[in-house]
Amino acid sequence: MSMMWTVKVVSLGVVGLSLSVELLGWLLRRLRTGRTLNEVLFFPSEVACVEHIFTPSSPYSCLCPLPHGVETSFSRFLRHILSATSSLDLCVFAFSNMDLSRAVLALHSRGVTIRVLTDKDYAAITGSQIGVLRKAGICARCDVGSVYMHHKFALVDGRLLITGSLNWTLTAVQSNMENVIVTDEPDLVQPFIKEFHRLWVHNNPARYLHSSDQKPAHSTTRTLD
């Protein structure tokens, strides 16, 4: 009798433990779902003033003729970039948008660690902001291979991925049909972290001081959109 009772108690304990584990898993999934960010932005973006994003303490200080207080794809994009508190890793083909340059410089002035990877041909084109970033003390590396560095993604604090077809140019933001996905899904963020690290190490200029494996220099008289 006591043996049967023991078996029943143990069985109930196992069932209870199983249910507890299942419940814990469900709660963790619920909590994770509540925190997960998945957002899609489409461009071209409506043209509107973004000064309030840079100076939130003085939201009505700008007197420019553009619409104010309008939430656009670009304003949301900017907010995600400016949400960085510790690091911003940027891998982008073309970078000439001055508002985005201002955002990166603002993060740098706050002590956020910035690393930029870009295409070496387009970094030298008139209008590129890479030189501006370097002058401010931001580390920017160019690709050293024979093909274009055509990525367009950013990693905010190693937790948030911003990626899509969008080059960081005025034309891409205001004129082109483009898309951007913003997510903090670890399964998506982690591969981009690994890829950025791989490219950062691979394009360390110290490794190629004496290398002749360079792309033929293109003319730098082109203008960047």
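Inter-residue side-chain proximity for L117 and D143 is flagged as unmet; no heavy-atom pair is nearer than 4.5 Å. With a 4.5 Å cut-off on side-chain heavy atoms, L88 and V116 do not count as touching. Contact check for V70 versus P67: side-chain heavy atoms found under the 4.5 Å cut-off. I114 places none of its side-chain heavy atoms less than 4.5 Å from the side chain of L90. L37 is listed as a side-chain neighbour of V182, based on a closest heavy-atom distance under 4.5 Å. For the pair L41/N179, no side-chain contact is recorded, criterion being any heavy-atom separation below 4.5 Å from C-beta on. Side-chain atoms of T163 and V180, non-hydrogen and from C-beta on, never get closer than 4.5 Å to each other. The shortest side-chain heavy-atom distance between K120 and M149 does not fall under the 4.5 Å cut-off.
Two different hydrophobic clusters hold L199 and Y122 under the rule that ILVMFWY side chains link at heavy-atom gaps under 4.5 Å. The hydrophobic clustering, which links ILVMFWY residues whose side-chain heavy atoms are closer than 4.5 Å, places F77 and V104 together. Grouping the Ile, Leu, Val, Met, Phe, Trp and Tyr side chains by contacts below 4.5 angstrom, directly or via other members, places V92 with F74. With hydrophobic clusters built from ILVMFWY side chains whose heavy atoms lie under 4.5 angstrom apart, L161 does not share a cluster with L82. M98 and L78 are members of different hydrophobic clusters when ILVMFWY side chains are connected at heavy-atom separations under 4.5 Å.
Closest heavy-atom contact between V147 and D119: O-OD1, 4.3 Å. Nearest heavy-atom pair across T72 and E46 is CG2-O, 3.6 Å. Of all non-hydrogen atoms in S73 and F42, the two that sit nearest each other are OG-O, 2.8 Å. Smallest separation of non-hydrogen atoms from S101 and L133: OG-CD2, 3.9 Å. The nearest pair of heavy atoms linking T183 to V189 is O-CG2, 3.7 Å. Closest of all the heavy-atom pairs between S83 and D157 is O-OD2, 3.9 Å.
Formation of a donor-acceptor pair under 3.5 Å by the N167 side chain with backbone atoms of A94 is found in this model.
For H108, the ring-ring contact (aromatic ring centres under 6.0 Å, His included) criterion is met by no residue, not counting sequence neighbours. For H197, the ring-ring contact (aromatic ring centres under 6.0 Å, His included) test picks out no residue, with sequence neighbours left out.
For the atom pair R141 CZ and C91 SG, the distance stands at 12.5 Å (nearest 0.5 Å). Interatomic distance, OG1 of T171 versus CZ of F43, reported as 13.5 Å (0.5 Å rounding). Residue N176 holds its CG atom at 10.0 Å from CG of L170, rounded to the nearest 0.5 Å. Going from atom CG of L160 over to atom CG of L155 covers 8.5 Å, rounded to the nearest 0.5 Å. Between I125 atom CD1 and I130 atom CD1 the span is 11.5 Å, to the nearest 0.5 Å. The line from OG of S128 to CH2 of W168 is 12.5 Å long, rounded to the nearest 0.5 Å.
A salt bridge links E51 and R102; the closest N-O separation between the charged side-chain nitrogens and carboxylate oxygens is under 4.0 Å.
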**Report entry** side chain to side chain contact (heavy atoms under 4.5 Å, CB included) between N97 and V173, intermediate numbers included
**Finding:** CA-CA 9 Å; N97 187 289; V173 170; 3.9 Å; yes
Requested in this report: In sequence, state the C-alpha distance, the side-chain angles, and the governing distance for L105 and V132, and then conclude on side chain to side chain contact (heavy atoms under 4.5 Å, CB included).
Outcome: CA-CA 9 Å; L105 291 171; V132 175; 4.1 Å; yes
Query raised in the report: What do the steps show when you test T118 against F93 for side chain to side chain contact (heavy atoms under 4.5 Å, CB included), and what is the final call?
Result: CA-CA 5 Å; T118 190; F93 177 59; 5.9 Å; no
Report task. For the pair H68 and H52, evaluate side chain to side chain contact (heavy atoms under 4.5 Å, CB included) and give the outcome as yes or no after the intermediate values. Result -> CA-CA 8 Å; H68 290 72; H52 63 288; 6.0 Å; no
Requested in this report: Assess whether salt bridge (charged side-chain N to carboxylate O under 4.0 Å, His left out) is satisfied between K152 and E178, documenting all intermediate values.
Outcome: CA-CA 11 Å; K152 296 106 179 174; E178 309 277 3; over 6 Å; no
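Aromatic rings of H151 and F153 (six-membered ring for Trp) have centroids within the 6.0 Å cut-off, being under it.
In this structure, R115 forms no cation-pi arrangement with F196, as its terminal cationic atom is not both closer than 6.0 Å to the ring centre and no more than 45° off the ring axis.
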